[in-house]
2 protein chains.
Amino acid sequence: MPRDTGGLARTVELLWGVSTSRGTRGPRPGLSVEAITRAALAIADAEGIGAVSMQRVAKDLDYTTMSLYNYVPSKDQLIELMIDAATPPPPVPDDGDDWRDGVERWVRATWDLYHAHRWVLKVPTVNVPIGPNQMAWFEALLHALSRGGLEGAEVMAIAQHILASTRGQAALSIDLTTEQDGTTAEFSEALRKLATPDRFPTLHGLLTAAEPGGFDAGAELYAGLRLGVRLLLDGVEGHVRPGA
Amino acid sequence: MPRDTGGLARTVELLWGVSTSRGTRGPRPGLSVEAITRAALAIADAEGIGAVSMQRVAKDLDYTTMSLYNYVPSKDQLIELMIDAATPPPPVPDDGDDWRDGVERWVRATWDLYHAHRWVLKVPTVNVPIGPNQMAWFEALLHALSRGGLEGAEVMAIAQHILASTRGQAALSIDLTTEQDGTTAEFSEALRKLATPDRFPTLHGLLTAAEPGGFDAGAELYAGLRLGVRLLLDGVEGHVRPGA
DNA sequence: AACGAAAAATGTATGTCATACAGAGTTTTA
DNA sequence: TAAAACTCTGTATGACATACATTTTTCGTT
C-alpha cells in the first residue's frame, strides 16, 4: 500500500473498508490497519487518548514508528478508525414494543458505550467524519424515532437533538467521574461558594437545595438525561397527534 | 506574582479575579493576565485554537515565551481564561414575556456566541471548570427555565439538556461550515453514496428525500435545534400541568 | 544610602510529538 | 533476471510545553 497523505477518499476507504487492492509486490505486510487500530484502541481504553502516540502504538506492536505510516496516513485518521472500532454494532431494534422504549433503550446503550470508552468524547472533532458503525448507530436512532410518526426532516432534527444531548450529558458525567484524586468534591464545594445568591440566585437556590453530601454525578446526570428525553418524546407525541 | 503550577485554588483565583495581592517588590509587571488572555483570544478568533501556542502569544505581545508563565500557570489555564473571556455577560432576562420565549432567546444567543468564537467547542474539555461568565449564562438559562414551573432538580436536568443539545448542534454546524475548500459538499455526497438502502434504510430515505442540491447546513441545523427545544418545552408544559 | 529580598524577564535546555525523507531489504512481475 | 513496487528502518526536522538558572529591576528594611 503506497503512502498517502489521506484525503477524504482515503478516509472513506479506510473507514469503510473499501478493498485497497494492494499490489502483491514487495514484502508481505507484517501489520494491518486492523492490528494498528486495535493496539491504539487498547491504549486509549486503558490509559486515555493522551497516551496514544504513534511511537507508543508502534512500540506496543514491536515496530518502528514510521512503519505505521505504511498503513495509516496520519494520526488523525487513526483516531477516526479507533472511534469506529470502539463502536460495536448497535442493539437490534425491537419493533414489537412501544417506539418510545426503543428510543430510550438507544439512549441508554449510547450512554453505556461512551462510558465504556471514556476517551471518545474527549476527541476534539467527533463530529463530521463518520464511519460505518457510527452510522449504524445513527440509523438505529432514526429507525426507532421514525416509528413515532414524525415527518422526514423532523426525524433527522430530533435524532440529532437526542444524540447531542446524550453526548453532552455523557461527557459531563465522564468528566465529573474522572477527575483525579478529590478534585470533584473540591470543585463542587468551590462551586457552591462561588454561586453567590446575589449574582446567581437560581443556581444558588438549586445547589443549596440539593443534598449537600457527595452525590453520584453519573446516576444523577443519567436521570436528568432520561427526563429530558422523556419530555422531548412527550413533545413529539403532542406534535404528531395535535388532538389527543 | 510568584510562579505557581496551578491547582484548583489558582484556577479559581484567575478565573474569578480574586485579588492576587501581589507584593510590590520587583520590576513592575509589563504584562497582565488580561493582556495575555486578550492576545490569545484574538489569535484563536482569527486563526483557530490550533494557532494558539505560548510562543505565538508571547510573540504577539513582544515578550519571551517564558515570561507568560509569570502570569499564567499553564496553557490549559490560559485556555480556560480565553473561554471565559470570549463569553460576554448573558442577555438580560425579560420576565415580561412568555417564559418559553426566554428560553428560546437564550438558545439563540448561545448559538450565536459559539458561532462567534468557532474554536470554543473544539476545546476538548469545555465541560467541568466554569468561569464567572459561563456561570452567568447558565444562571440565565436556569432562570428562564425556572419560570416554567419545574421542580428544582428538574430545572437543573432540563437546563443541562438544553445546553448539551445547543452545544452539540452548534458544534456540528460549525464543523460543517468550516471544512476548507469543498469538503462539505464532497462529504455530503460521499454520505449519500455510503448510506445504502440495505444497511441504512431510514437514513437513506431521509437523505434522498431531502433536496439534493447544496443545503444550508447552519440554517438547517438551527431549525432542527429550535424544533427540538420547542418540543422539549411542550413536554415540560405537559409535565407541569398534567391536565391542560 | 546601601543591602537584600522579591519578582519580572530572558536564554537555554529537555522531552515529547507528528511526520518528512532517504535508503535498505524483499517480493513479484515483466 | 532486472526492475518495479512495496515494507521497514533510521535519521532528521520543526512544533511545542515547560523546567531551570540567570540576569535585571524594584522596593522595603536597615
Side-chain angles (χ1 to χ4, degrees), chain A residues 1-7 10 13 19-36 39-40 43-44 47-82 123-125, chain B residues 1-7 10 13 19-36 39-40 43-44 47-82 123-125:
Chain A
M1 188 184 304
R3 286 189 189 173
D4 183 322
T5 40
R10 189 85 182 97
E13 260 182 43
S19 77
T20 328
S21 72
R22 85 166 207 96
T24 56
R25 285 186 197 184
R28 299 230 241 104
L31 284 172
S32 65
V33 174
E34 294 72 30
I36 293 172
I43 297 171
E47 302 168 49
I49 192 69
V52 176
S53 69
M54 297 304 271
Q55 2 261 327
R56 172 65 192 279
V57 174
K59 197 176 70 137
D60 282 15
L61 289 166
D62 271 316
Y63 276 77
T64 48
T65 305
M66 288 313 290
S67 66
L68 304 187
Y69 287 95
N70 279 310
Y71 303 88
V72 164
S74 73
K75 188 188 181 183
D76 284 351
Q77 290 277 356
L78 176 55
I79 290 180
E80 306 282 359
L81 290 166
M82 290 167 60
V123 174
T125 168
Chain B
M1 188 184 304
R3 287 189 187 172
D4 184 322
T5 39
R10 190 85 181 97
E13 260 182 44
S19 76
T20 328
S21 72
R22 85 166 208 94
T24 56
R25 285 187 197 184
R28 300 231 240 102
L31 284 173
S32 66
V33 175
E34 294 72 30
I36 293 172
I43 297 171
E47 303 169 46
I49 192 69
V52 176
S53 70
M54 297 304 272
Q55 3 263 326
R56 172 64 193 279
V57 174
K59 198 177 67 136
D60 282 17
L61 290 165
D62 271 315
Y63 276 77
T64 50
T65 305
M66 289 313 290
S67 66
L68 302 186
Y69 287 95
N70 279 311
Y71 303 87
V72 164
S74 72
K75 187 188 180 182
D76 284 352
Q77 290 277 356
L78 176 54
I79 290 179
E80 306 282 358
L81 290 167
M82 290 168 60
V123 174
T125 169

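In terms of position on DNA chain C, the residue among B/Thr65 and B/Thr24 whose nearest nucleotide sits closer to the 5' end is B/Thr24. Both B/Gly30 and B/Gly26 lie near DNA chain C, and the one whose nearest nucleotide falls closer to the 5' end is B/Gly26. Of the two residues contacting DNA chain D, namely B/Arg28 and B/Ala51, the nearest-nucleotide position lying further toward the 5' end is that of B/Ala51. Mapped onto DNA chain D by nearest heavy atom, B/Asp76 and A/Thr64 fall at different nucleotides, with A/Thr64 at the one closer to the 5' end.
Rounded to whole Å, the distance from CG on A/Asp62 to P on D/dC8 is 13 Å. Rounded to a whole Å, the CG atom of A/Leu68 is 15 Å from the C1' atom of D/dG10. Taking atom CE of residue B/Met54 and atom P of nucleotide D/dG14, one finds them 23 Å apart after rounding to whole Å. Straight-line distance from the OH atom of A/Tyr69 to the P atom of C/dC21: 13 Å, rounded to whole Å. The nearest whole Å value for the distance from the CD atom in B/Gln55 to the C1' atom in C/dC17 is 14 Å. Residue B/Met66 contributes atom CE, which lies 12 Å from atom C1' of C/dT14 at whole-angstrom precision. Nucleotide C/dA8 holds its P atom 11 Å from the CD1 atom of B/Ile36, rounded to whole Å. Computed from coordinates, the A/Ile49 CD1 to C/dC17 C1' distance equals 14 Å when rounded to whole Å.
Side-chain atoms of A/Lys75 lie closest to C/dT19 of the nucleotides D/dC6, C/dA8, C/dT19.
When side chains are defined from C-beta on, A/Val123 does not count as touching A/Met82, because their heavy atoms never get closer than 4.5 Å.
The residue B/Ser53 sits close only to the backbone: its heavy atoms come under 4.0 Å of sugar-phosphate atoms, none of a base.
Summarising the geometry of B/Val57 relative to B/Ala39, their closest heavy-atom pair is CG1-CB, 4.2 Å, with the distance given to 0.1 Å. Considering every non-hydrogen atom in both A/Leu78 and A/Ala40, the closest pair reads CD2-CB, 4.1 Å.
For A/Tyr71 and D/dC8, the shortest distance from a side-chain N or O to OP1 or OP2 is below 4.0 Å. Note on B/Ser67: every side-chain N or O is 4.0 Å or more away from OP1 and OP2 of C/dA8.
For the atom pair A/Thr65 OG1 and A/Met54 CE, the distance stands at 8.0 Å (nearest 0.5 Å). To the nearest 0.5 Å, the span separating CG on B/Asn70 from CG on B/Leu31 amounts to 8.5 Å.
Judged by atom type and distance alone, A/Arg25 reaches the base of D/dA4 through a side-chain donor-acceptor pair under 3.5 Å.
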